[in-house]
Chemist: 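This is the structure I want to talk about, given as structure tokens.
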Amino acid sequence: MLFEIKEDIHLEDLQKLQPAIWIIFTGALLYCHRNNLPCRITSIISDRTSDEIKKKQTSVHPDGRGIDIGISGAGWNDIHIHRLAHLLCTDYADLGAISSSDGVARACVVKKDHLHLQCRRHVDINKFVTK
């Protein structure tokens, strides 16, 4: 199986994702595949979450610029978590969303129980796509 989904995820929400987040997500998928780690989508478009959670979220999820990957379960440890976050932030620095707090572009942010993948608005993906 290429990836798993949390039970309340609607796969049609994948159609709403921006191309840049697909590139970052593919990088995460490849890392998980190479390292025999489960890749479990825990959030795509967050319109189905509680109002309390919505208040804490940035606009990247509703805008189709964010996707969350669960980091609990078989094989996930601090080394894999931080290595994958570092690789995504390094490899996709030109795509990562720019933090409002410090102005740094990040394609991946480590959270308590998931990796939050994110891309900036209106980003040019041509560098990452071959013809």
Side-chain angles (χ1 to χ4, degrees):
M1 181 179 300
L2 187 58
F3 61 86
E4 303 168 9
I5 57 169
K6 194 171 97 178
E7 62 190 37
D8 62 346
I9 296 294
H10 296 261
L11 285 177
E12 62 268 12
D13 285 348
L14 291 172
Q15 297 173 357
K16 300 173 186 173
L17 294 177
Q18 299 297 310
I21 197 64
W22 274 106
I23 293 169
I24 297 166
F25 177 55
T26 300
L29 276 172
L30 291 172
Y31 182 90
C32 291
H33 179 72
R34 283 192 303 267
N35 292 282
N36 287 330
L37 295 169
C39 184
R40 184 171 185 252
I41 298 173
T42 58
S43 179
I44 303 173
I45 305 296
S46 297
D47 58 354
R48 293 176 180 87
T49 58
S50 69
D51 287 336
E52 181 180 320
I53 293 171
K54 283 182 191 179
K55 290 177 190 175
K56 297 177 184 178
Q57 292 177 330
T58 62
S59 66
V60 297
H61 281 282
D63 289 351
R65 299 183 297 115
I67 189 168
D68 294 342
I69 306 297
I71 52 174
S72 60
W76 283 106
N77 58 38
D78 282 347
I79 292 171
H80 280 303
I81 292 165
H82 292 286
R83 182 182 294 150
L84 176 54
H86 175 76
L87 288 171
L88 294 175
C89 285
T90 302
D91 293 349
Y92 305 110
D94 294 342
L95 300 178
I98 298 172
S99 170
S100 60
S101 63
D102 61 10
V104 175
R106 291 185 183 87
C108 181
V109 178
V110 177
K111 301 289 187 170
K112 180 180 136 191
D113 60 352
H114 67 276
L115 294 174
H116 171 69
L117 311 183
Q118 58 185 11
C119 69
R120 67 185 76 169
R121 284 183 177 88
H122 314 297
V123 64
D124 182 5
I125 63 168
N126 288 327
K127 170 181 173 180
F128 299 93
V129 179
T130 57
K131 295 181 181 184

Chemist: Does a side-chain heavy-atom distance below 4.5 Å link Ile9 with Thr42?
Modeler: no
Chemist: Please report the shortest heavy-atom distance between Gly64 and Ile45, naming the atom on each side.
Modeler: CA-CD1, 3.9 Å
Chemist: Excluding sequence neighbours, so at least two apart, what forms side chain to side chain donor-acceptor pair (under 3.5 Å) with Asp102?
Modeler: Ser99, Arg106
Chemist: Trp76: which residues meet the side chain to side chain contact (heavy atoms under 4.5 Å, CB included) condition with it, sequence neighbours left out?
Modeler: Cys32, Leu37, Pro38, Ile71, His80, Ile81, Leu84, Leu115
Chemist: Is there a side-chain contact between Ile24 and Cys108, using heavy atoms and a 4.5 Å cut-off?
Modeler: no
Chemist: Rounded to the nearest 0.5 Å, what separation is found between the CD1 atom of Ile125 and the CD atom of Gln18?
Modeler: 10.0 Å
Chemist: Does the side chain of His61 come within less than 4.5 Å of His116's, by heavy atoms?
Modeler: yes
Chemist: Is there a side-chain contact between Lys6 and Ile41 in this structure, where contact means two heavy atoms from C-beta onward sitting under 4.5 Å apart?
Modeler: no
Chemist: Taking the side chain as every heavy atom from C-beta outward, state whether Gln118 and Val109 have any atom pair closer than 4.5 Å.
Modeler: yes
Chemist: Heavy atoms, side chains only, cut-off 4.5 Å: are His82 and Val110 in contact?
Modeler: yes
Chemist: Among pairs that include at least one residue of residues 72-95, which meet salt bridge (Lys or Arg N to Asp or Glu O under 4.0 Å), considering only residues two or more places apart or in two chains?
Modeler: Asp94-Lys127
Chemist: When rounded to the nearest 0.5 angstrom, what distance separates CD1 in Ile79 from CG in Asn35?
Modeler: 11.5 Å
Chemist: Take a 6.0 Å sphere around CG of Leu11 and say whether it holds more than 12 heavy atoms from other residues, nucleotides or ligands.
Modeler: yes
Chemist: Among residues at least two apart in sequence or on other chains, which ones pass side chain to side chain contact (heavy atoms under 4.5 Å, CB included) with Leu29?
Modeler: Leu2, Phe3, Phe25, Cys39
Chemist: Hey, could you give me the CD/NE2 distance between Gln15 and His10, rounded to the nearest 0.5 Å?
Modeler: 13.0 Å
Chemist: Treating Arg120 as the side-chain partner and Gly96 as the backbone partner, does any N or O pair qualify as donor plus acceptor under 3.5 Å?
Modeler: yes
Chemist: Could you tell me which residues satisfy salt bridge (charged side-chain N to carboxylate O under 4.0 Å, His left out) with Lys111, sequence neighbours excluded, listed by chain and number?
Modeler: none
Chemist: For the CG atom of Leu17 and the CG atom of Leu117, what is their distance to the nearest 0.5 Å?
Modeler: 10.0 Å
Chemist: Measure the CG-OG1 distance between Leu88 and Thr26 for me, rounded to the nearest 0.5 Å.
Modeler: 10.5 Å
Chemist: Look up atom SG in Cys119 and atom CG in Asp63, then write down how far apart they are to the nearest 0.5 Å.
Modeler: 9.0 Å
